[in-house]
Colleague: 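Got a structure for you, questions after.
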There are 2 protein chains.
Amino acid sequence: MGPSMVNRGCIIRLSRYRNALIRLKALNFVKVFSENLADAARVTAVQVRKDFSLFGISGNRRGGYLIDELIKQISAILGKDKVQKFIIVGIGNIGRALLNYPGFRKSEIEIVAGFDSNPAKFDRGALVPILPVEEMGAFVSANGITFGIISVPDTAAQEVLERMLEAGIKGVLNFAPICLKEPKDCVVRNLNLETELENIIYFTNFAEQAERE
Amino acid sequence: MGPSMVNRGCIIRLSRYRNALIRLKALNFVKVFSENLADAARVTAVQVRKDFSLFGISGNRRGGYLIDELIKQISAILGKDKVQKFIIVGIGNIGRALLNYPGFRKSEIEIVAGFDSNPAKFDRGALVPILPVEEMGAFVSANGITFGIISVPDTAAQEVLERMLEAGIKGVLNFAPICLKEPKDCVVRNLNLETELENIIYFTNFAEQAERE
DNA sequence: TAGATTGTTAATCGATTAACAATC
DNA sequence: TAGATTGTTAATCGATTAACAATC
């Protein structure tokens with residue numbers, strides 16, 4: 001039997017631990033204590049050890065964890081042991097930014113193609129080609145793509161998701177400002193930038209108000 | 001006494017309810033049941049009513065909620081009753097995409113200036129000017145800015161946050177791939193795009209594996 | 001050995017859900 | 001009135017934290 005389901009927060013923390021570990025390694029550190037990783041990820045040391053224990057990652061009592069080992073193990077969990085290919089549908093502001101985001105290249109995430117409905121955006125010759133959205137299904141099959149990003153306007157998002165499902169995409173990050181339903185055999189995460197800002201606004205106002213009282 | 005603290009999830013849901021309500025209003029709907037909003041936000045009807053009750057929002061037993069009233073009340077909570085001004089520090093891929101993001105304009109969120117350390121990016125004459133980061137403090141004071149977005153490389157993020165704090169910024173959305181500590185009197189939310197994709201990758205792989213077993 | 005750290009089990013806390021009371 | 005829906009209180013569930021056992 002595989003490992004049991006862990007929650008979203010846990011996976012986000014693993015990603016943060018990994019980022020911190022890579023920085024520590026760059027500083028020539030070899031070992032790390034749970035306390036250090038906790039500081040880096042803004043959590044408690046117990047949380048770090050608990051997260052690790054869920055994945056059977058163990059260190060040395062008294063000696064902490066070996067950074068190289070940790071990176072290797074967390075990387076395997078997060079799927080960083082091979083290149084993960086994504087396509088993007090919707091080459092507007094956000095779509096284009098992600099297409100060119102340099103942070104992905106050095107981290108086993110590869111955006112392999114963009115798709116749009118506007119012919120003015122097509123660019124078959126580019127390093128990352130931009131193609132008509134009608135070609136998405138064939139491209140996904142031909143290249144064995146598993147993951148997609150949606151960055152179209154809200155009115156087009158549901159249709160794009162359905163096209164992706166037909167094409168065989170199994171995991172989607174949706175930036176369109178509409179909450180897409182998670183289909184039976186595909187993971188969908190809705191990330192709304194306006195909502196993120198509203199969150200900041202609310203909690204900032206709340207804190208200010210609490211202060212005044 | 002003000003309302004007690006609610007959790008992040010609740011505010012995200014309010015934002016989703018609001019988006020759904022605006023779409024319903026555009027379709028000339030006047031009333032809505034908790035069941036409908038639940039569908040739109042991918043939660044349960046009880047969750048909707050519970051969220052509303054936390055903010056003293058009430059409807060009509062048997063008659064549901066008036067859409068106009070709901071939008072007004074949720075908008076007030078999310079700070080959409082006035083324009084909220086943001087600055088962005090770091091005009092790279094993500095920074096520039098946010099600067100030009102059309103979704104913000106129509107929703108009381110205004111990006112009023114960008115800042116960068118690279119003179120090649122300065123553009124004082126633009127509709128949204130791009131200025132040297134040294135000028136940020138003065139700009140924030142002069143224009144009464146409360147909110148900031150960080151989209152610089154990880155190595156610069158902490159320093160930018162400190163500059164923002166000095167300038168009097170009270171709420172920050174951080175896109176730099178490093179987890180910034182929340183200071184005493186400022187709200188900070190860390191949003192890492194690579195982490196979001198890693199999340200999709202993990203849960204997709206997990207689901208595929210579970211299926212095979 | 002003594003001390004420091006990991007790793008696990010049990011307790012706590014907070015959020016969601018269920019049950020049901022209120023009422024239009 | 002009967003039926004449908006809201007709104008609230010209590011129960012459940014899941015995640016985090018505390019306590020402590022294990023051990024290098």
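Here is how names work: the chains are called A, B, and so on, in the same order as the sequence lines, proteins then strands, and each is numbered from 1. Computed from a prediction, not measured in an experiment: that's the story for all the values here. For the numbers below, each heavy atom of this structure counts, side chains included, while hydrogens, waters and symmetry mates do not.
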Colleague: For B:Tyr65 and B:Phe52, I'd like to know if the aromatic rings sit close, meaning centre-to-centre distance below 6.0 Å.
Modeller: yes
Colleague: Nearest whole angstrom, please: distance from the C1' of D:dT9 to the CG of B:Leu54.
Modeller: 13 Å
Colleague: Provide, to the nearest angstrom, the distance between the CZ atom belonging to B:Phe55 and the P atom belonging to D:dT8.
Modeller: 14 Å
Colleague: Once you apply the 3.5 Å cut-off to both distances, tell me the Watson-Crick or G-U wobble partner of D:dA22, or none.
Modeller: C:dT5
Colleague: Output yes when at least one side-chain N/O atom of A:Ser53 is less than 4.0 Å from OP1 or OP2 of C:dG7, else no.
Modeller: no
Colleague: Going by an N to O cut-off under 4.0 Å, is there a salt bridge joining B:Arg8 and A:Glu196?
Modeller: yes
Colleague: Rounded to the nearest 0.5 Å, what's the gap from CD1 on B:Ile111 to CG on A:Leu197? Could you check?
Modeller: 6.5 Å
Colleague: Please list all pairs passing the salt bridge (charged side-chain N to carboxylate O under 4.0 Å, His left out) test where one or both residues lie in residues 14-32 of chain A, with sequence neighbours left out.
Modeller: A:Arg23-B:Asp154, A:Lys25-A:Asp68
Colleague: Rounding to an integer number of Å, can you tell me how far B:Glu35 CD sits from D:dT6 P?
Modeller: 8 Å
Colleague: Just to be sure I understand the rule, does B:Phe52 reach a base, reach only the sugar-phosphate, or reach nothing, if contact means heavy atoms closer than 4.0 Å?
Modeller: nothing
Colleague: Is there a side-chain contact between A:Tyr17 and A:Leu70 (heavy atoms, below 4.5 Å)?
Modeller: no
Colleague: Scan nucleotides 15-24 of chain C nucleotide by nucleotide, 5' to 3', and note B when protein non-hydrogen atoms come under 4.0 Å of the base, S if they reach only the sugar-phosphate, - if neither.
Modeller: SSS---BBBB
Colleague: From CG of A:Leu37 over to C1' of C:dT6, roughly how many Å is that when rounded to an integer?
Modeller: 13 Å
Colleague: Return the pairing partner of C:dA15 with a 3.5 Å limit on both distances, Watson-Crick or G-U wobble; otherwise return none.
Modeller: D:dT12
Colleague: Does A:Glu182 pair with B:Arg42 as a salt bridge, N-O distance under 4.0 Å?
Modeller: no
